[in-house]
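Below is one structure, written out as structure tokens; comments come after it.
The structure presented is a predicted model; accordingly, all values stated were derived computationally and were not measured. Both ligands and their constituent atoms are indexed starting at 1 by order of listing. Heads up: numbering here begins at 1 and tracks the sequence.
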Amino acid sequence: MEVSIILAAGEGTRMKSNRAKVLHEILGRPMLFYVLNACKKSEIDKNIVIIGHHKEQIKEAFKDEDALFVEQPVGNGAPYGTGFAVSCALGEINDDDDVIILNGDAPLISSKTINKFLSYHKHNENDLTVMTADLNDPTNYGRIIRDSDANIVKIVEQKDASEKEKLVREINSGIYAFKGVNLKYAISKLKMDNASHELYLTDALKILVEEGKKVGTYKLKDKKEILGVNSRAELSKLECILRECVNYKYMIEGVSLIDPKNTYIEYGAKIERDVIIYPGSYIDKDTFIESGSEIISSRILKSHIGKDVKITSSQIEESEVGEGTSIGPNAHLRPNSKIGKKCKVGNFVEVKNSNIGDGTKMSHLAYIGDADVGKNVNIGCGVIFVNYDGKKKYRSRVLDHAFIGSNSNIVAPCLVEEYGYIAAGSTITKDVLKGQLSIERNRQRNIDGWVNKKGFDK
Ligand code: UD1
Ligand code: CA
């Protein structure tokens, strides 16, 4: 059986965070998500995740995940280090398993590479295979030390390396494949005789070499895949790398990104062909945008955008927008807004928890909260749905073809029936029946000669 052990129990000190390192996100998903995802898409049968520091946070974030979480004791004088982490999972490992070990803080590994690595390991009948790479700057990685015949003999950590060893550019990726029986043997022999006083998994290599076991390396060409995150600077560097890949994929699939470097699409967002996305847009992983829509410098979260919609400089959260509708500039759809087809939600319009029928227009400066609005309704400039009396919220209903004049207030709960007309400037507290005009304001009086009498023109 192929089993993975993913190390995620470390403290992540260099992140300076109250959050577990592997929960820090890249394109809207925790780092650990990507490692698990690659494992699940590969030929691995069982995934074991080692957790310790912040273990409750990690278990909660991955509670629906099909993985086995094994706890590494931390603090109170417990040993520390990658070797100790692996030792905690040995009860789950059979002697004839092929065990692949990965780091939870190196999220760019792909299922393709995992599969190639495992088949290389098996094909060569190695007892241990280490994935390595040549880096221009190997700082902080373990170095691969070879003998005069170029056989690998040990891995030396940065802290323990001599000046000569520090010059080695071939590094340990932190990804290994072991035969179960060899892993168990090597782990039982680890010692803490190093600069960090930790149990280093890397020492397993030297132990097996000394036992005359077959130890090999697999050098990765696409070095990006093994990059790890130890600090927030590295987190953003990896996010840039992944964003470039993800954005490129969307373009291959027919989405136009005017400036991919300034377009932020989380991992998993569904975007159809012929969508055009302008710079400065942010689209989260739970959003679906249908073909032909244009997204201009907008932020869209957990929403469904229909075909041929145009959204300009607006924010849309947990909402639906129907085909051919235009939103913005500077509109805000708050959660649970359902906008029909061919609607117009214009400048400075805010909609919350409301249903808007097809063809309805609200072009400027309006607040529509807790309302059910029918088809082809006109909502004038400055209309407010007054939904809150200081204690409770109430809903209003406006039926098809109604006309709400500018600067009106609809005080909920209120019903405006079909073809109901509301005169501009009215505050409506009683239902308006079908075809009625409702006008609620003082009659205008014009007083002749008033200015002259006051003497304002002198
Ligand atoms: C490790 C390797 C190094 C390699 C590098 C690749 C060792 C000793 N060093 O160094 O050779 O080049 O990865 O990125 O293995 N962890 C636990 N429990 C612990 C300690 C760590 O689960 O007690 C986990 C961490 O959460 C992390 C992973 O193991 O996901 C690696 O630990 P980290 O401290 O980041 O090791 P590096 O110094 O990067
Ligand atoms: Ca690391």
* Asked: Can you check whether Thr82 has an N/O within less than 3.5 Å of an N/O in ligand 1?
  -> yes
* **Atom indices of ligand 1 within 4.0 angstrom of Asn103 heavy atoms, with elements** => 6 (C), 13 (O), 14 (O), 28 (C), 31 (C)
* To do: Name all pairs fulfilling the salt bridge (charged side-chain N to carboxylate O under 4.0 Å, His left out) condition that reach into residues 86-95, sequence neighbours left out, sorted by first residue then second.
  => Lys46-Glu92, Asp95-Lys184
* Asked: Is the Tyr388 to Tyr394 ring centre distance short of 6.0 Å?
  -> no
* Structure fact -> Asp105 heavy atoms within 4.0 Å reach ligand 1 at atoms 27 (C), 30 (O), 35 (O)
* For ligand 1, indicate whether the residue Ala106 contacts it via side chain, backbone, both or neither (heavy-atom separation under 4.0 Å). => neither
* Test of proximity, Leu201 against ligand 1: N or O pairs below 3.5 Å -> no
* Using distance alone, determine whether Val22 and ligand 1 share an N or O pair under 3.5 Å. => no
* Do ligand 1 and Asn172 have nitrogen or oxygen atoms that lie under 3.5 Å from each other? -> yes
* Under the 3.5 angstrom rule, does the side chain of Thr312 hit a backbone N or O of Gly328 as a donor-acceptor pair? -> no
* **Where ligand 1 meets Ser173 - atom numbers and elements under 4.0 angstrom, heavy-atom basis** => 6 (C), 14 (O)
* Asked: What part of Ile171, side chain, backbone, both or neither, has a heavy atom within less than 4.0 angstrom of ligand 1?
  -> neither
* Check whether any N or O atom of Thr202, backbone or side chain, sits under 3.5 Å from an N or O atom of ligand 1, and answer yes or no. => no
* To do: Write down the atom of Lys341, the atom of Thr325, and the distance for their closest heavy-atom approach.
  => C-OG1, 3.5 Å
